[in-house]
S.K.: 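Sharing a structure below in structure tokens format, with a few things to ask.
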Amino acid sequence: MTRKAVIGMVRAAALAGAFFLAAGAIPLIGGILMMLAPAPILVYAVGRPSPNLRATIAVLLATAFVAILWGPIGGLAYFVSFGLATAIACYMLERRSSFEMITAVGAGVMVATSVVVVLVLVGGPDALIKTVHDSLTQMVTRGQDFNKLLGMPAIPADTQASVISLTMHLSPAFALLVAASSMLLNLRVFWRWAGPQRLAYSLFGDLSRWSAPEWMVWLLLAGGFGLFIPVSAISAIALNGFICIGAVYFCQGLAIIGFYFQSLAVPSIVRGIIYFVVFAQPVVAALVGVAGVFDMWIDFRRLKPPSPEANNLGDFF
């Protein structure tokens with residue numbers, strides 16, 4: 001490995017560690033920077049000689065940097081979450097995997113490994129539930145204090161308890177969605193920064209024509225029916241699964257919107273306003289997700305070739 005490659009490795013590892021540590025140092029923006037922790041190493045390693053070795057050493061260096069600045073627990077937290085996700089993304093990019101597969105595998109491994117390590121550290125599921133509950137309670141209390149500073153009315157205690165309970169029930173889905181968003185964001189940053197020059201295949205293609213696999217609708221239906229099973233554990237799993245699959249179809253709904261934005265040459269400012277409304281209004285977001293589900297049958301973008309049955313019916317009329 002050349003001197004230039006070693007310097008680039010140290011720089012990428014330092015940036016990855018700094019992005020990860022930014023979450024605890026910079027309010028709000030730090031969380032976004034933490035989600036970008038894999039990007040420096042991906043840009044450094046993918047498409048270069050010995051990419052997996054480069055990524056592995058850079059991840060270990062970043063782990064050491066975080067451990068020095070935040071302690072051994074901090075280094076372990078980086079390694080089992082964004083460190084593993086970085087190595088997995090590099091390996092799968094070199095194997096020409098699709099961005100959907102990389103996102104799913106990376107997010108799944110990130111969440112599963114983090115949960116296992118936390119369970120070992122805190123001493124079991126009961127301790128983990130208590131820790132999460134206490135953390136959410138502290139967050140709600142801080143929010144109440146902030147509302148008082150703004151002169152806003154306090155939230156009733158029973159409402160706070162119900163919000164905390166609902167958040168705990170949905171925490172697996174939230175964790176998976178955040179992890180998947182982080183993976184997708186890093187893949188997008190890598191592609192815009194160096195992807196076309198480094199990869200021998202198109203990672204994203206035309207996202208306005210993207211669609212979820214047709215078999216995924218059965219998972220959505222299974223999750224929906226599972227909500228009515230009178231067993232709390234099963235219904236909770238079904239609810240979290242339903243939310244995760246629903247998020248996939250929400251992305252397909254966004255692809256439909258993007259397709260018509262391109263077809264109609266909608267100005268950028270109008271696109272921004274519409275996207276803001278979609279993300280800010282839950283009802284509109286739900287309608288976008290429903291459009292993504294029904295796109296399998298209605299084919300809003302007319303991407304599927306016409307079937308022979310439809311042609312015969314047209315000749316008949």
Side-chain angles (χ1 to χ4, degrees), residues 84-85 88-89 91-113 115 169-188 191 199 201-229 231 233-260 278 282 284-313:
L84 283 179
I88 290 171
Y91 175 78
M92 297 186 72
L93 283 170
E94 291 295 330
R95 293 182 62 87
R96 300 189 178 187
S97 300
S98 64
F99 78 90
E100 300 99 327
M101 184 62 68
I102 299 173
T103 301
V105 173
V109 171
M110 187 190 306
V111 173
T113 309
V115 169
H169 278 88
L170 299 181
S171 57
F174 290 157
L176 281 171
L177 291 179
V178 170
S181 300
S182 176
M183 292 297 299
L184 193 58
L185 178 62
N186 281 279
L187 291 177
R188 194 64 181 171
W191 181 253
L199 297 182
Y201 72 106
S202 179
L203 181 60
F204 287 100
D206 187 359
L207 290 179
S208 65
R209 295 176 175 270
W210 179 83
S211 297
E214 293 187 356
W215 54 262
M216 192 167 285
V217 72
W218 295 107
L219 298 180
L220 185 72
L221 294 175
F225 284 115
L227 298 176
F228 300 99
I229 296 177
V231 179
I234 297 178
S235 61
I237 294 173
L239 177 59
N240 283 274
F242 185 84
I243 291 174
C244 292
I245 302 301
V248 174
Y249 281 106
F250 173 75
C251 293
Q252 183 164 336
L254 291 178
I256 296 171
I257 294 176
F259 177 85
Y260 283 102
V278 168
V284 179
L287 291 175
V288 172
V290 171
V293 174
F294 281 94
D295 186 47
M296 184 175 70
W297 296 284
I298 301 178
D299 191 18
F300 293 106
R301 294 165 288 182
R302 299 295 184 266
L303 300 179
K304 299 177 182 179
S307 63
E309 292 80 3
N311 290 334
N312 293 336
L313 187 62

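Along the sequence shown, residues carry numbers from 1.
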S.K.: Could you tell me whether a side-chain N or O of S181 sits under 3.5 Å from a main-chain N or O of L177, the two making a donor and an acceptor?
M.R.: yes

S.K.: Tabulate below the donor-acceptor pairs under 3.5 Å that side-chain atoms of residues 212-225 make, not counting sequence neighbours, or state none.
M.R.:
none

S.K.: Using atom types as modelled, flag every donor-acceptor pair under 3.5 Å from a side chain in residues 284-295 to any protein atom, sequence neighbours excluded.
M.R.:
unit_1	atom_1	unit_2	atom_2	d
D295	OD1	F300	N	2.8
D295	OD2	Q252	NE2	3.0
D295	OD2	R301	NH2	2.8

S.K.: Who passes side chain to side chain donor-acceptor pair (under 3.5 Å) against S98, sequence neighbours left out?
M.R.: E100

S.K.: For the residue pair W191 and F204, does the interplanar ring angle fall in the parallel (under 30°), tilted (30 to 60°) or perpendicular (over 60°) class?
M.R.: perpendicular

S.K.: Whether the side chain of K304 engages the backbone of W297 through a donor-acceptor N/O pair (distance < 3.5 Å, no angle test) should be reported.
M.R.: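 No; judged by distance alone, with no hydrogens or angles, the pair does not exist.
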
S.K.: Nearest 0.5 angstrom please: L93 CG to L187 CG, how far?
M.R.: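 Between atom CG of L93 and atom CG of L187 there are 6.0 Å.
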
S.K.: For residues 238-249, pull every pair meeting side chain to side chain donor-acceptor pair (under 3.5 Å), keeping only residues two or more places apart or in separate chains.
M.R.: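 Of all non-adjacent pairs touching residues 238-249, none passes side chain to side chain donor-acceptor pair (under 3.5 Å).
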
S.K.: Is the number of heavy atoms from other residues, nucleotides or ligands within 6.0 Å of OH (Y201) greater than 12?
M.R.: yes

S.K.: Got more than 12 heavy atoms from elsewhere within 6.0 Å of CZ, F99?
M.R.: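 Yes, because the 6.0 Å sphere around CZ of F99 holds more than 12 heavy atoms from other groups.
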
S.K.: Starting at CD1 of I257, measure out to OG of S208 and round the result to the nearest 0.5 Å.
M.R.: 12.5 Å

S.K.: Could you give the distance from CZ (R96) to CG (L203), rounded to the nearest 0.5 Å?
M.R.: 12.0 Å

S.K.: Please identify each residue that fulfils side chain to side chain donor-acceptor pair (under 3.5 Å) with R302, with sequence neighbours left out.
M.R.: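 Counting only residues at least two positions away or on another chain, R302 forms no side chain to side chain donor-acceptor pair (under 3.5 Å).
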
S.K.: So which atom in A107 and which in A180 form the shortest heavy-atom distance, rounded to 0.1 Å?
M.R.: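 Nearest heavy atoms, A107 then A180: CB-N, 3.5 Å.
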
S.K.: Mind checking the CG-CG spacing from L303 to D299? Nearest 0.5 Å is all I need.
M.R.: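 If I round to the nearest 0.5 Å, the distance is 5.5 Å.
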
S.K.: Measure the CG-OG distance between L176 and S171 for me, rounded to the nearest 0.5 Å.
M.R.: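 The distance works out to 10.0 Å.
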
S.K.: How close do A255 and L207 get, counting heavy atoms only, and between which atoms?
M.R.: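 Heavy-atom minimum between the residues: CB-O, 3.4 Å.
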
S.K.: Between the side chain of S235 and the main-chain N/O of V231, is any donor-acceptor distance below 3.5 Å?
M.R.: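 Flag set: sc S235 to bb V231 pair under 3.5 Å.
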
S.K.: What residues, two or more places apart in sequence or in another chain, satisfy ring pair (Phe, Tyr, Trp, His ring centres under 6.0 Å) together with F250?
M.R.: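 Listed in chain order: F279.
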
S.K.: If you measure from CD1 on I88 to OG1 on T113, what distance do you get to the nearest 0.5 Å?
M.R.: 7.0 Å

S.K.: What's the shortest heavy-atom distance between M183 and A89, and which atoms?
M.R.: CE-CB, 4.0 Å

